[in-house]
Structures are given as structure tokens and as C-alpha cells.
Protein chains: 2
Amino acid sequence: MPAATVLIVDDEEQVRSAIDGLVRSAGYRSALYASAVDLLAKPLPAGVRCLVTDVRLPLVSGLDLQRELAKRGERIPILFITGHGDIPMSVRAMKAGAIDFLPKPFRDQDILDAIAGALAEDMRLKELEEELTSLRIRFESLTPREREVLEFVSRGLLNKQIAAELGLSEITVKIHRGSAMRKMEARTVVHLIRMMEALERGALQVQTPV
Amino acid sequence: MPAATVLIVDDEEQVRSAIDGLVRSAGYRSALYASAVDLLAKPLPAGVRCLVTDVRLPLVSGLDLQRELAKRGERIPILFITGHGDIPMSVRAMKAGAIDFLPKPFRDQDILDAIAGALAEDMRLKELEEELTSLRIRFESLTPREREVLEFVSRGLLNKQIAAELGLSEITVKIHRGSAMRKMEARTVVHLIRMMEALERGALQVQTPV
DNA sequence: TATACTCTCGTACGATAGGATAGGTCGCTT
DNA sequence: AAGCGACCTATCCTATCGTACGAGAGTATA
């Protein structure tokens with residue numbers, strides 16, 4: 001497993017290299033960006049990661065960056081730092097899901113603690129996402145009919161009822177249900193229900209951009 | 001349904017009455033407290049409600065109050081206002097689940113919007129809580145054995161397996177299972193699973209005090 | 001054209017679920 | 001002592017589930 005990566009966005013070279021040194025000394029890898037645009041230009045590094053950014057940046061602010069990443073579906077824990085921030089700014093960032101918001105000057109340990117927390121959070125969510133992705137892949141492999149049948153199954157309908165609902169014979173429903181269970185690798189109905197709930201919840205748990 | 005109540009905590013009489021007037025003009029009921037201790041001394045008003053408090057209070061601060069309410073299991077949306085707050089303070093409050101954090105001076109509309117949001121949130125959570133309470137009451141009405149059996153059922157075990165697990169005959173398991181389903185008012189296994197999941201999740205979704 | 005996939009339906013069989021009915025033990029309360 | 005609730009077990013019966021085996025029809029693709 002590669003080391004965790006800390007993405008650092010700041011328009012001041014001094015700040016970047018200072019945090020860079022701090023982060024490297026803590027054993028993390030780092031990726032430096034002079035602006036939000038730079039960061040958005042290319043795909044983010046893979047693996048466990050978090051983002052440290054100044055709120056006040058030229059052109060595209062840290063908050064704009066947060067919103068843009070959310071819009072792109074890039075889930076990444078964000079840690080804001082700022083020299084001239086105010087309370088409404090911090091509240092807005094936190095509401096949008098920021099991990100922390102540190103006003104300068106801060107102690108080295110403060111930001112390292114926050115980074116450690118952010119990375120731990122990212123790892124936790126990554127595990128959940130992997131689970132969910134695995135589920136989604138399996139769900140995608142279902143035929144439309146199989147998906148339809150599963151929807152009814154997860155609502156607690158009997159095969160007979162599903163058959164009536166879809167205008168099919170009960171046997172056909174059983175067939176679809178059986179092959180769907182195999183494709184989803186669900187041993188029992190209970191297992192299946194949990195999967196379906198995870199799929200539904202996962203789709204809704206997207207971070208709301210503010 | 002009685003009107004929503006806004007609890008107002010501030011040590012300055014002027015501030016209290018100002019917000020009180022604002023809140024009343026918006027059609028809400030209000031409850032005024034000169035200190036956090038005052039509020040904690042008696043049970044909170046029932047119904048839909050939210051709390052507006054200054055962060056900086058003598059003896060027990062707004063953040064202390066937030067923590068104390070969480071510790072007591074009193075879930076209530078909190079809206080902080082402050083004249084001399086700083087960013088770390090606001091971040092801490094938001095991390096602990098505050099709805100908003102408004103620095104003075106603020107426009108009347110700002111706080112009214114925040115209050116409306118807080119009350120809407122409280123109403124939403126109250127509905128979920130009612131559902132959960134209803135579930136809990138039914139679950140409490142189960143005998144220990146019935147609860148045990150349901151635990152296994154919700155893990156996807158067959159009656160036969162549950163019987164082996166508990167050292168019972170399969171028939172006995174069926175009996176317990178049946179009466180448990182009746183008491184829980186679950187028509188199908190799927191319905192039951194959803195209930196059990198809600199119970200487990202509900203117990204874990206407590207707001208983490210910071 | 002041939003192959004593959006999907007959807008459909010049937011019969012048959014074994015396993016499971018769930019209820020009705022009937023019986024018994026144990027411990028606590030009235 | 002009697003009653004009650006929790007707990008345990010059994011047999012009988014029915015509905016449902018799950019699968020195996022068999023088979024036809026439509027559609028897309030190589």
C-alpha cells in the first residue's frame with residue numbers, strides 16, 4: 001500500500017514548501033499546487049489522500065474549489081487554512097463538509113493532527129466506497145428484468161405478487177430471482193436486503209454542495 | 001399542533017428581548033433564559049424547537065451547554081450567535097453539530113432564516129425519532145428469547161440453524177419467531193430486517209460530543 | 001448464418017416457513 | 001393453591017421458496 005498523499009494548494013510558495021516539509025517529515029507523500037485551477041486541471045492522485053488548501057486564493061477560492069470538487073463527484077476530505085478568514089467563511093466550509101478550518105498561525109502539531117484525522121476519514125470512506133462499488137458492479141451485471149424483480153423482492157413482495165405485478169408466471173419470477181441472487185452473490189434474502197439498502201443509501205449519501 | 005418554540009439564551013437582557021421580539025413577530029413561541037444553568041435547570045419545552053444561544057456566557061459557555069445537552073441525550077438544533085467569537089470556536093461548534101454560527105451584527109433575516117432551517121431540521125428528526133421510539137417500544141415488548149431469535153433471523157440464519165445455535169428444537173424457534181413477528185407488527189421478513197436495521201442505526205446515530 | 005443473451009413458461013421435487021392444535025415445565029404473583 | 005407468563009416440544013397441514021431439467025421465441029452481434 002503506497003503512503004497517503006496530502007494535496008497542498010496555496011498561492012504562496014513559502015507556505016507550500018513549509019507545509020510540504022512538515023507533511024513529508026510526517027511520512028506522507030505530497031502534491032503541490034499553486035492554484036485551484038492547477039489542481040483541477042489533472043486527475044487527483046490515487047490512494048488515501050486529503051486536501052490542504054488556503055481559502056483565499058486568486059481567481060478560484062478554496063470554497064469554490066470545494067464546491068467544484070463536490071460537483072465533480074470527487075470526494076476528498078478538505079482541510080482549510082487561512083490568514084484572513086472570518087467566521088461565516090469557516091461556517092460555510094464546515095457546512096459543506098470540511099474536516100477542519102485552521103486560522104494562521106497554527107502550531108505544526110495542529111495541522112498534523114488535522115491531516116491525520118482527514119486521512120483516517122478518507123481511508124474509512126474509501127473502504128465503504130469499495131464495498132459499494134463492488135455492489136454496484138454486481139448490480140449492473142443484472143438484466144433489466146432481474147433488477148425489476150429484485151426491486152420488488154426488496155419491498156417484501158412474494159413471488160406470486162411479483163408475478164402478478166409484472167404480468168409474469170410465478171416460475172419466471174423464480175428464475176430471475178434465482179439468477180439475480182447468484183449474480184449478486186447473496187446467500188440469503190436478508191443478505192440481499194442489506195445490499196439493496198446499501199445501494200439506495202449510498203446513492204443518497206452524496207455530499208451536498210453549499 | 002402547537003407553534004414551534006425558540007429557546008433563547010443570552011446574559012444581556014437587551015439581546016434576549018430583541019431576539020424575542022423578532023422570533024415572536026415571525027410567529028414562533030419563545031422561551032428566554034439568562035444563562036445556560038437556567039436552561040439546564042428545568043426540562044425543555046416540548047414540541048418542535050431550536051436553541052439560539054450566545055457562545056460567550058458567564059460560568060457555562062454556549063459550547064459547554066451544547067456539550068452538556070448532548071451528554072444528557074437532549075437532541076436540539078443549536079444556533080450560535082456571538083459578538084466576540086473566533087474561527088476555532090465556530091469550527092468546534094459546527095463539528096459538534098451546530099446548525100449555524102452567526103457573528104454579530106447580523107441582519108434580522110439571517111437569523112430568521114437560520115431559525116427556520118433549524119426548526120425544519122428538528123421537525124424532520126422528530127419524525128424519525130417517533131418512528132424509532134415506536135419500534136423500540138415494540139422491541140422492548142419482546143421476551144428475551146424472542147429477541148435472541150430475531151437477532152439470528154436478521155443475520156440471515158435459517159430456523160434450523162438458529163435452533164442449533166440456541167440448542168433448541170426447530171419448532172420452538174418457529175414459535176418464538178412467529179410471536180416476535182406479530183409483536184413487531186412485521187408482515188414479512190424484509191419488513192423485519194428494515195426494522196432491525198433502523199434500530200441498530202438509530203442507536204449509533206447519536207451526535208458525537210466534541 | 002451462427003452464437004450468445006434475454007425473456008418466457010412448464011413439471012417435479014426437496015427444503016423452508018408459518019400456522020393450528022395440543023401438551024408440558026418452571027418461576028413468580030395473587 | 002391457583003393463575004399467569006415465559007419457555008419448550010410435538011404433529012399435521014399448507015404455502016412458499018429454490019432449484020434442476022427441459023424448451024421455445026426474440027434480438028443483437030460477430
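Residue numbers start from 1 in every chain, and the chains themselves are labelled A, B, ... in the order their sequence lines are given, proteins ahead of strands. The structure presented is a predicted model; accordingly, all values stated were derived computationally and were not measured.
Sorted by first and then second residue, the side-chain hydrogen bond (donor to acceptor under 3.5 Å, both in side chains) pairs involving residues 152-161 of chain A (not counting sequence neighbours) are A:N159-A:R177. Listed by first then second residue, pairs satisfying salt bridge (charged side-chain N to carboxylate O under 4.0 Å, His left out) with a partner in residues 182-194 of chain B read A:E197-B:R194, B:R138-B:E185, B:E146-B:K183, not counting sequence neighbours. Within the structure, the salt bridge (charged side-chain N to carboxylate O under 4.0 Å, His left out) test picks out the following pairs touching residues 52-66 of chain B (sequence neighbours left out): B:D54-B:K104, B:D64-B:R67. Pairs engaging residues 118-133 of chain B under the salt bridge (charged side-chain N to carboxylate O under 4.0 Å, His left out) rule: B:R75-B:D122, B:R75-B:E129, B:E121-B:R124, B:D122-B:K126 [sequence neighbours left out]. Among pairs with a residue in residues 158-185 of chain A, none fulfils ring-ring contact (aromatic ring centres under 6.0 Å, His included), at least two apart in sequence or across chains. Sorted by first and then second residue, the pairs that involve residues 22-80 of chain A and meet ring-ring contact (aromatic ring centres under 6.0 Å, His included), not counting sequence neighbours, are A:F80-A:F101.
Residues from residues 156-174 of chain B lying near DNA chain D, meaning a heavy-atom separation below 4.0 Å, are B:L168, B:S169, B:I171, B:T172 in numerical order. A heavy-atom distance below 4.0 Å to DNA chain C is reached by none of the residues of residues 179-192 of chain A.
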For this session: Would you give a per-nucleotide map of nucleotides 23-30 of chain C, 5' to 3', where B means the base has a protein non-hydrogen atom under 4.0 Å away, S means only the sugar-phosphate does, and - means neither?
Result: --------
Exercise. Tell me, for nucleotides 23-30 of chain D in 5' to 3' order, what letter each nucleotide earns: B for a base near a protein heavy atom under 4.0 Å, S for only sugar-phosphate near one, - for neither?
Worked result: --------
Problem set entry | Working for salt bridge (Lys or Arg N to Asp or Glu O under 4.0 Å), residues A:R72 and A:E68 | CA-CA 6 Å; A:R72 293 194 187 180; A:E68 179 61 24; 3.0 Å; yes
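Taking CD1 of B:I78 as the reference point, atom CD1 of B:I99 lies at 9.5 Å (rounded to 0.5 Å). Here A:R92 contributes atom CZ and A:L63 contributes atom CG; the two are 5.0 Å apart, rounded to the nearest 0.5 Å. Once rounded to the nearest 0.5 Å, the distance linking CG of A:D10 with OG of A:S35 reads 11.0 Å.
A salt bridge is defined here as a Lys NZ or Arg NE, NH1 or NH2 lying under 4.0 Å from an Asp or Glu carboxylate O, and B:E13 with B:R16 fails to meet this definition. Ion pairing between A:K95 and B:D100 holds under the 4.0 Å rule for side-chain N and carboxylate O. In summary, B:R147 and B:E151 do not engage in a salt bridge, as defined by a charged side-chain N under 4.0 Å from a carboxylate O.
Rounded to an integer number of Å, the gap from B:R177 CZ to C:dT16 P is 12 Å. The distance between atom NE2 of B:H176 and atom P of D:dA10, rounded to the nearest whole Å, is 13 Å. The CD1 atom of B:I175 sits 13 Å away from the C1' atom of D:dA6 (whole-angstrom rounding). Spacing between atom CD of A:E148 and atom C1' of C:dC7 amounts to 12 Å, rounded to whole angstrom units.
Taking the C1' atoms of five terminal pairs at each end of the helix from C:dT1-D:dA30 to C:dT30-D:dA1, the two resulting helix axes are inclined by 30°, rounded to 10°.
A:T5 and A:R29 share no donor-acceptor pair across their side chains, judged by distance under 3.5 Å alone.
A close approach under 4.0 Å does not occur between any side-chain nitrogen or oxygen of A:T143 and OP1 or OP2 of C:dC5.
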Would you mind writing out the side-chain donor-acceptor pairs for residues 37-51 of chain A within the sub-3.5 Å range, not counting sequence neighbours?
| residue | atom | partner | partner atom | Å |
| --- | --- | --- | --- | --- |
| A:R49 | NH1 | A:P45 | O | 2.8 |
| A:R49 | NH2 | A:E74 | OE1 | 3.1 |

